[in-house]
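Before any comments, here is the structure.
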Amino acid sequence: MAVLYGQTGVGKSTLLKLFLSQIPQNLFLPIYLHFTHLKSSSLLSLIVSQPGEIPKHTKDRLFLQIMDKSLLSNLTPIIVIDEAHLLKTDAITDLRLLVSSPLDSSTHLKIILSGQEHLKYILKRDIHADFAQRIPVHYHIHPLTKTQTAAYIDFHLKSSGASDKIFDSDVKDLIHEFSAGIPRQINAISTACLINASIRQSQKITQDIFHQALAEIQSF
């Protein structure tokens, strides 16, 4: 099992998408879920239905369906649960039971949880101790540094065929400051700057254009 933490907008779902696109499809069966604020039986039904199977009507049969899929398939199921900080307590317990049978160690089911930073503290609760102890991989995605923010903006500009000189360097620093290094916020502010520059027919994004764009964003 593995857990991915990070602030909202920092790129967790993007990283999961990249990961799932690169795993060998002849070896693994990815099952991606993000509707997590559900009762446990509904979550188990989603796990069963994602590969195209029809879920059974009781929790015990749902468990058996998932375990049979894990044991009998030539592919290793990887259950990726996004927005995992919204999981209910009984759902976390059932996920633990899927991978921790004391009598059957043959299952090769994999689980990746991804959620906001307080998922870390949810898993530290005594009630989830057995689950947390079985997670060998923890990764925390941090916001971008000032240098990384500038490189991130430059990369997107170059990828679109534009010059990385469009943004003044002090504007890149301001974008980092107001976005706190969160890529989603960097995208929003930078896009607003580009739109304002286009309206003004300006080839350069200056501090004046930045502050106008930021004011518009903050007015919503």
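Cluster membership check: L75 does not share its hydrophobic cluster with L20, using side-chain heavy-atom separations under 4.5 Å among Ile, Leu, Val, Met, Phe, Trp and Tyr. Both L33 and I135 belong to a single network of hydrophobic side chains, linked directly or stepwise wherever heavy atoms of I, L, V, M, F, W or Y lie under 4.5 Å apart. Taken together through direct or relayed side-chain contacts under 4.5 Å among Ile, Leu, Val, Met, Phe, Trp and Tyr, V48 and L64 form parts of separate hydrophobic clusters. Side-chain heavy atoms closer than 4.5 Å link hydrophobic residues (I, L, V, M, F, W, Y) into clusters, and following such links, even through other members, never connects Y32 to L86. No chain of hydrophobic side-chain contacts below 4.5 Å, direct or via other Ile, Leu, Val, Met, Phe, Trp or Tyr residues, connects L15 to I111.
Remark: D60 CG is packed, more than 12 non-hydrogen atoms of other residues, nucleotides or ligands lying under 6.0 Å away. Open room surrounds CD1 on I54; 12 or fewer heavy atoms of other groups in view lie less than 6.0 Å from it. Annotation: Q22, atom CD; neighbour count of heavy atoms from other residues, nucleotides and ligands within 6.0 Å is above 12. Heavy-atom contacts from other residues, nucleotides or ligands closer than 6.0 Å to CZ of R134 number more than 12. Around atom CD1 of I23, more than 12 heavy atoms belonging to other residues, nucleotides or ligands sit under 6.0 Å away.
Considering only heavy atoms from C-beta on, H142 stays 4.5 Å or farther from V10 through its side chain. With a 4.5 Å cut-off on side-chain heavy atoms, Q116 and Q7 do not count as touching. Counting heavy atoms from C-beta outward, L44 and I66 have side chains that approach closer than 4.5 Å.
A salt bridge (charged side-chain N to carboxylate O under 4.0 Å, His left out) check over residues 191-213, counting only residues at least two apart or in different chains, returns the pairs D168-K204, R200-D208. Sorted by first then second residue, the ring pair (Phe, Tyr, Trp, His ring centres under 6.0 Å) pairs that include residues 45-90, not counting sequence neighbours, are H85-H118.
Distance CG/D130 to OG1/T93: 9.0 Å, rounded to 0.5 Å. Separating the CD1 atom in I189 from the OG1 atom in T191 is a distance of 10.0 Å, to the nearest 0.5 Å. One finds the NZ atom of K158 at 4.5 Å from the CG atom of D164 (value rounded to the nearest 0.5 Å). A distance of 12.0 Å separates NE2 in H37 from OG in S42, rounded to the nearest 0.5 Å. To the nearest 0.5 Å, the span separating CG on D173 from CD on Q207 amounts to 9.5 Å. Note that CD of Q212 and CD1 of I205 are 13.0 Å apart. Values are rounded to the nearest 0.5 Å.
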Full working for side-chain contact (heavy atoms from CB on, under 4.5 Å) between L194 and I166:
CA-CA 9 Å; L194 289 166; I166 290 177; 4.3 Å; yes
Given D82 and T36, is the side-chain contact (heavy atoms from CB on, under 4.5 Å) satisfied, shown in steps?
CA-CA 8 Å; D82 211 348; T36 53; over 6 Å; no
Apply side-chain contact (heavy atoms from CB on, under 4.5 Å) to residues I141 and L4 and explain how you reach the verdict.
CA-CA 7 Å; I141 302 182; L4 180 67; 3.7 Å; yes
Under the side-chain contact (heavy atoms from CB on, under 4.5 Å) rule, what do K110 and M1 come out as? Steps first, then yes or no, please.
CA-CA 6 Å; K110 311 298 181 187; M1 293 197 291; over 6 Å; no
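Closest approach of K12 to Y5, counting heavy atoms only: CD-C, 3.8 Å. Closest heavy-atom contact between G181 and T149: CA-OG1, 4.1 Å. Across all non-hydrogen atoms, the minimal contact from L119 to S114 is CD2-C, 4.2 Å. The minimum heavy-atom distance linking L113 with A84 is given by the pair CB-CB, 3.9 Å. Nearest approach of P77 to I31, heavy atoms of both residues: CB-CD1, 4.5 Å. The nearest pair of heavy atoms linking C193 to I209 is O-CG2, 3.6 Å.
I81 pairs in a side-chain contact (heavy atoms from CB on, under 4.5 Å) with only one of the listed residues (I92, L16, I112, L95), which is L95.
With hydrogens and angles disregarded, a donor-acceptor distance shorter than 3.5 Å links the side chain of Q65 to the backbone of K56. Checking side-chain atoms of S190 against main-chain N and O of N187 turns up no donor-acceptor pair under 3.5 Å. For T145 (side chain) and Q148 (main-chain N/O), a donor-acceptor pair under 3.5 Å exists by modelled atom type.
Residues meeting the salt bridge (Lys or Arg N to Asp or Glu O under 4.0 Å) test with K146, sequence neighbours left out: none. In this view, K120 satisfies the salt bridge (Lys or Arg N to Asp or Glu O under 4.0 Å) rule with no residue, not counting sequence neighbours. In this structure A91 satisfies the side chain to side chain contact (heavy atoms under 4.5 Å, CB included) test together with S40, L43, L87, sequence neighbours excluded. For D94, the salt bridge (Lys or Arg N to Asp or Glu O under 4.0 Å) partners two or more places apart in sequence, or in a different chain, are K59.
The ring of H138 has its center no closer than 6.0 angstrom to the ring center of H140. With ring centers used as reference points, F210 lies 6.0 Å or more from F167.
With hydrogens and angles left out, the side-chain atoms of R184 and T8 include a donor and acceptor closer than 3.5 Å.
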